[in-house]
Amino acid sequence: MSLSQTQLERYRRDGYILLSGLISNDIAAAAEAALWDCMQASPDDAGSWPDSDYAKGHDRPEINACYTDDYLQAAAQLCGDRTDRLNAPSGTLAINIFPSAGPWQKPKPHIDHAIKEHGHKTFPRPFRIATMTFLNDVAEHGGGTAVWPASQAHIEALAHSDEERYEYMWALNQELHQAELGEPSVLTPSQGDVLFYHYLCAHAGSANISPRPRLALNYKW
């Protein structure tokens, strides 16, 4: 499945794109069931859910099956690599947001790979593209990812304004307030939707005050 020129241009403009149809319903449902099994919890028994948000790597084949040929081809097109597709991962990070008490508040933006101890430099890019794969439907204020449209252009301009000061991603991340990011868009994806985002796209997880957990996978190439 090749992306259209309109989709590619939207990604270049906004720094992210949410796509449907890269994963079949059966694959997404099997991955969701496998992830519940990994957590040793039941979607219908809130008493079995973790007490806090959940971030853990998994290599179950049912989960890895989400990275279909269409998914990998889309990722390659969006990150501009001269290849038909990227390699499928052997494991991925589950990031699940469980319900919490309100009120819901707008999250603060960040960029990835910005942990000081990891020492990731801003240029050249530390990764080519990042993805969030949603394994269940996400309700409003249900833990959807917040993204700041076109933030990658403003953040890149900030980084180039003083390349010595912003040599490292952690330093750039600390001063995102210097860039004019505007207001975020909080996504409400459906099961099987995939969010692709640029390495300088400002984004954030958001609070989940809905009755249901939000299950998602994060992977970067």
Side-chain angles (χ1 to χ4, degrees), residues 3 6-20 22 53 55 74-75 77-80 93 95-97 100 102-116 118 120-134 137-163 165-190 193-210 214-221:
L3 301 183
T6 299
Q7 290 171 316
L8 295 173
E9 289 174 357
R10 187 186 310 155
Y11 176 78
R12 286 193 287 268
R13 180 194 68 205
D14 294 341
Y16 72 90
I17 191 169
L18 184 69
L19 296 177
S20 303
L22 302 178
D53 293 341
Q77 285 184 272
L78 291 168
C79 69
L93 177 67
I95 303 179
N96 304 332
I97 301 179
S100 60
W104 190 90
Q105 294 182 337
K106 183 174 66 177
K108 295 182 179 180
H110 70 268
I111 52 177
D112 287 344
H113 276 34
I115 297 174
K116 186 174 183 179
H118 293 176
H120 291 292
K121 292 191 174 184
T122 305
F123 305 114
R125 57 185 178 177
F127 58 90
R128 292 170 286 177
I129 195 165
T131 63
M132 289 287 290
T133 306
F134 298 92
D137 295 343
V138 180
E140 184 179 5
H141 296 168
T145 302
V147 283
W148 277 256
S151 58
Q152 83 289 351
H154 298 290
I155 295 171
E156 185 171 3
L158 175 64
H160 282 305
S161 72
D162 191 336
E163 293 189 9
R165 180 185 183 93
Y166 301 121
E167 180 181 6
Y168 292 95
M169 292 284 281
W170 66 266
L172 183 61
N173 187 62
Q174 285 187 329
E175 299 196 16
L176 293 185
H177 61 278
Q178 302 285 358
E180 296 181 3
L181 300 184
E183 291 297 311
S185 175
V186 182
L187 305 177
T188 54
S190 298
D193 285 357
V194 181
L195 170 66
F196 297 86
Y197 60 96
H198 187 278
Y199 86 102
L200 291 178
C201 175
H203 64 283
S206 69
N208 182 358
I209 61 170
S210 78
R214 186 220 73 181
L215 307 186
L217 308 173
N218 182 264
Y219 192 79
K220 300 176 181 69
W221 280 273

Please name the pair of heavy atoms, one in [X] and one in [Y], separated by the smallest distance, quoted to 0.1 Å.
X      : Y      : answer
Asn96  : Leu215 : OD1-CA, 3.3 Å
Leu181 : Ala202 : CD1-CB, 4.1 Å
Ile129 : Cys79  : CB-CB, 3.8 Å
His203 : Thr145 : CB-CG2, 4.5 Å

Distance in Å, [X] [atom1] paired with [Y] [atom2], rounded so as to fall on 0.5 Å steps:
X      : Y      : atom1 : atom2 : answer
Thr131 : Leu19  : OG1   : CG    : 11.0 Å
Met169 : Phe127 : CE    : CZ    : 5.5 Å
His154 : Leu176 : NE2   : CG    : 12.5 Å
Ile111 : Trp148 : CD1   : CH2   : 12.5 Å
Glu156 : Leu172 : CD    : CG    : 10.0 Å
Cys201 : Asp112 : SG    : CG    : 9.0 Å

Dump the intermediate steps for side-chain contact (heavy atoms from CB on, under 4.5 Å) on His160 and Phe123, then the final yes or no. CA-CA 10 Å; His160 282 305; Phe123 305 114; 3.5 Å; yes
Does any non-hydrogen side-chain atom of Leu3 lie less than 4.5 Å from one of Leu78? yes
Check whether any side-chain N or O of Arg214 sits under 3.5 Å from a backbone N or O of Ile95 as a donor-acceptor pair, and report yes or no. yes
Could you check whether any side-chain N or O of Glu140 sits under 3.5 Å from a backbone N or O of Val186, counting only pairs where one atom can act as donor and the other as acceptor? no
Excluding sequence neighbours, so at least two apart, what forms ring pair (Phe, Tyr, Trp, His ring centres under 6.0 Å) with His120? His113
Could you note down all residue pairs passing side chain to side chain donor-acceptor pair (under 3.5 Å) where residues 170-186 supplies at least one of them, sequence neighbours left out? Lys106-Glu183, Arg165-Glu175, Tyr166-Glu175
For Asp14, all residues meeting side-chain hydrogen bond (donor to acceptor under 3.5 Å, both in side chains), sequence neighbours excluded: none
Parallel, tilted or perpendicular: which describes the rings of Tyr11 and His198, with under 30° parallel and over 60° perpendicular? tilted
For Glu163, is the CD atom crowded, meaning more than 12 foreign heavy atoms sit under 6.0 Å from it? yes
